[in-house]
Amino acid sequence: MLPSRQRFAAFLPLLGLVAFGACHPAGDPDGEVRGQTAAIIGGTADTTDTWVVGIDIGGGGVCSGALIAPNLVLTARHCVSKTPSKLDCNPDGGLATNKVLSNYPPSSFQVSTAQYYKNAPRWSVAAVRYINDAVCTGGSTDPACRLCGYDLALLQLNKGAGFPTVFKAPSNVPPKKHAYTAMGYGCQKAEKLGCTPLGYRMLLDPATVVQVTEQDFIVSGRVCGGDSGGPVWDNPRAVVLGALSRGDGDTPTEEGCNFGIYTRTDAHWAWLQKYGAKAAADGGYATPPWVSLSLPPPDAGPPPPPPKKPLGETCTGPADCESDLCISYEGKQVCSKTCKVKGDCLPGVSCIGGYCVPVPEVPIEDTGAPIEDTGAAEDTGEAAVPETTVKSGCAMEPAPGPKPQPWIVGVAVGLALALTRRRR
């Protein structure tokens with residue numbers, strides 16, 4: 001016997017999954033109606049959640065459902081149609097054991113909000129809604145004829161003395177791997193052990209989601225015959241996440257009813273909104289708020305990793321580098337690669353010790369010595385222009401020439417007189 005975690009991991013590829021059969025099959029006028037139902041084992045009695053309903057199928061079979069509007073019950077497709085008792089959900093298996101054979105008339109069903117599914121208050125059914133409204137018979141290949149991933153139906157109630165007053169919205173987002181609450185009217189013992197009692201509303205908390213696929217999710221919890229169509233309930237968000245479709249059946253060594261697969265409500269959101277709006281119009285009540293909710297944008301996933309760095313850039317590990325090599329050099333981590341000569345590296349990166357490493361530029365040292373001008377000024381024969389002194393960005397007047405000194409003038413005059421006398 002596989003440990004529970006291994007059973008869940010191995011579940012999806014398995015063949016022969018069971019759309020749980022009712023422990024007490026009902027008979028319609030043609031002797032054809034069978035509640036292809038899926039029961040909470042080890043749960044507790046639920047007398048207060050009247051939005052979780054029991055569905056009486058032809059007077060004997062039982063399924064479960066959830067009121068998602070005053071006159072609209074969400075349940076499983078195989079509860080309202082004739083289908084194979086065992087399903088092959090392998091995409092390569094075709095429709096041989098994964099299809100709807102025929103549909104039961106609305107008059108086959110009675111819906112009860114009581115804790116026991118045959119007690120009042122009860123409502124009759126005006127219409128049954130299917131995904132794409134396809135009438136699937138024989139060898140139809142219409143995708144809506146497949147049960148796996150499409151195992152949902154809606155029962156629209158006749159008004160009678162009024163509609164139920166408590167209902168819950170379906171979820172427009174998928175469940176997470178988290179603990180929720182499962183509810184249903186099914187078996188409280190494994191079918192192999194006799195299945196009874198049956199038809200009482202029970203809840204199982206926690207019912208833990210262990211895997212989410214494109215249209216379904218898997219719950220680790222003992223749901224069994226009669227719980228089909230029943231909800232998994234996200235209490236903090238007050239939404240129904242899906243309806244029970246199928247699970248593991250009895251084997252010679254196991255009791256079965258160890259886990260269940262639920263069809264996601266968000267995977268068929270447009271279909272739910274279409275008939276949510278129609279039920280409101282037909283029943284004469286305000287359209288429930290969830291009918292106008294849009295699906296959230298798809299999860300973009302984690303952000304892309306930062307671009308990898310070229311040779312010589314700093315790094316924290318090999319994953320940072322284009323070369324997938326990060327080495328320690330000169331006290332820091334840098335992207336590198338092995339090399340033999342400098343040409344193996346990028347410009348500005350040298351090959352040292354067999355690795356490409358960045359070589360810093362050597363600055364020119366300033367010694368403070370004046371720079372000698374060895375070039376001679378060209379003599380153009382023109383008078384030199386006086387140098388202009390610049391201060392605070394303004395040009396000053398040219399510097400004046402030297403003034404003649406009086407003693408120099410006296411000496412010159414004396415020499416001139418002496419020379420004149422000698423000549424005379």
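- Screening residues 343-357 for salt bridge (charged side-chain N to carboxylate O under 4.0 Å, His left out), with sequence neighbours left out, gives no hits.
- Across Val219 and Ala207, no two heavy atoms sit closer than the pair CG1-CB, 3.6 Å.
- In this structure, the separation between SG on Cys257 and CZ on Arg222 is 6.5 Å, given to the nearest 0.5 Å.
- Using a 4.5 Å heavy-atom cutoff, the side chains of Val53 and Leu155 are not in contact.
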Check step by step if side chain to side chain contact (heavy atoms under 4.5 Å, CB included) holds for Thr113 and Val166.
CA-CA 10 Å; Thr113 57; Val166 180; over 6 Å; no
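- Looking at heavy atoms from C-beta onward, Leu272 lies in side-chain contact with Trp290 at the 4.5 angstrom threshold.
- Annotation: side chain of Ile57 is in contact with side chain of Phe109 (closest heavy-atom distance under 4.5 Å).
- Here the closest heavy-atom approach between residue Ala126 and residue Asn158 is recorded as CB-OD1, 3.1 Å.
- Note: Cys79 SG to Tyr104 OH = 10.0 Å, rounded to the nearest 0.5 Å.
- Between Lys168 and Asp49 there is no salt bridge, since no side-chain nitrogen of the basic residue lies less than 4.0 Å from a carboxylate oxygen of the acidic one.
- Here the NZ atom belonging to Lys82 is positioned 12.0 Å from the CG atom belonging to Asn103, to the nearest 0.5 angstrom.
- At least one side-chain heavy atom of Trp51 sits less than 4.5 Å from a side-chain heavy atom of Met183.
- Partners of Asp266 under the salt bridge (Lys or Arg N to Asp or Glu O under 4.0 Å) rule, at least two apart in sequence or in another chain, are Arg264.
- Not one N or O on the side chain of Thr75 forms a donor-acceptor pair closer than 3.5 Å with the backbone of Ala243.
- A pairwise comparison of heavy atoms in Cys356 and Ser336 identifies O-OG, 2.7 Å as the closest pair.
- Side-chain polar atoms of Thr263 and Asp151 form no donor-acceptor pair below 3.5 angstrom.
- By the 4.5 Å heavy-atom criterion applied to side chains, Phe217 and Pro174 are not counted as neighbours.
- Counting heavy atoms of neighbouring residues, nucleotides and ligands inside a 6.0 Å radius, atom CZ of Phe167 exceeds 12 of them.
- Applying the side chain to side chain donor-acceptor pair (under 3.5 Å) rule to Thr316 yields the partners Asp320; only residues at least two apart in sequence or on another chain are considered.
- Just one of His268, Gln273, Lys274 meets the side-chain contact (heavy atoms from CB on, under 4.5 Å) condition when paired with Trp271; it is His268.
- The heavy-atom pair separating Gly199 from Val62 by the smallest distance is CA-CG2, 4.5 Å.
- Smallest separation of non-hydrogen atoms from Leu72 and Gly276: CD2-CA, 3.8 Å.
- Taking 4.5 Å as the limit, some side-chain heavy atom of Thr48 sits within range of a side-chain heavy atom of Asp46.
- Side-chain contact between Thr208 and Tyr180 is absent, with no heavy-atom pair separated by less than 4.5 Å.
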Under the side chain to side chain contact (heavy atoms under 4.5 Å, CB included) criterion, do Val111 and Val125 qualify, and how do the steps go?
CA-CA 8 Å; Val111 173; Val125 173; 4.1 Å; yes
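- The SG atoms of Cys326 and Cys335 lie 2.5 Å or more from each other.
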Going through the distances and angles, do Cys321 and Lys337 end up as a side chain to side chain contact (heavy atoms under 4.5 Å, CB included)?
CA-CA 10 Å; Cys321 304; Lys337 73 173 185 177; over 6 Å; no
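- Heavy-atom neighbours of Lys176 NZ from other residues, nucleotides or ligands within 6.0 Å: at or below the threshold of 12.
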Output a table of donor-acceptor pairs, distance under 3.5 Å, between side-chain atoms of residues 301-314 and any protein atom two or more places apart or on a different chain; print 'none' if there are none.
from, atom 1, to, atom 2, distance (Å)
Lys308, NZ, Asp324, OD1, 3.0
Lys309, NZ, Thr314, O, 3.0

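- Here the straight-line distance linking atom CD1 of Ile218 with atom NZ of Lys177 works out to 9.5 Å at 0.5 Å rounding.
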Dump the intermediate steps for side chain to side chain contact (heavy atoms under 4.5 Å, CB included) on Val73 and Trp123, then the final yes or no.
CA-CA 11 Å; Val73 174; Trp123 285 264; over 6 Å; no
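- When every heavy atom of Pro175 is checked against every heavy atom of Val209, the shortest pair comes out as CB-CG2, 4.3 Å.
- With Asn172 contributing its side chain and Trp269 its backbone, the two residues share no donor-acceptor pair below 3.5 Å.
- Within the structure, every pair that satisfies the ring pair (Phe, Tyr, Trp, His ring centres under 6.0 Å) test and touches residues 190-215, not counting sequence neighbours, is listed here: Tyr116-Tyr200.
- For the pair Cys63/Tyr117, no side-chain contact is recorded, criterion being any heavy-atom separation below 4.5 Å from C-beta on.
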Extract all donor-acceptor atom pairs below 3.5 Å that involve side chains of residues 231-242 and protein atoms in other chains or at least two apart in sequence.
from, atom 1, to, atom 2, distance (Å)
Trp233, NE1, Asn235, OD1, 3.0
Asp234, OD2, Arg237, NH1, 3.2
Arg237, NH2, Ser171, OG, 3.4

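- When Leu147, Leu152, Val128 are each tested for a side-chain contact (heavy atoms from CB on, under 4.5 Å) with Arg77, only one passes: Leu147.
- A distance of 8.0 Å separates OG in Ser112 from CZ in Arg201, rounded to the nearest 0.5 Å.
- Annotation: the span from Leu74 atom CG to Thr265 atom OG1 amounts to 7.5 Å, rounded to 0.5 Å.
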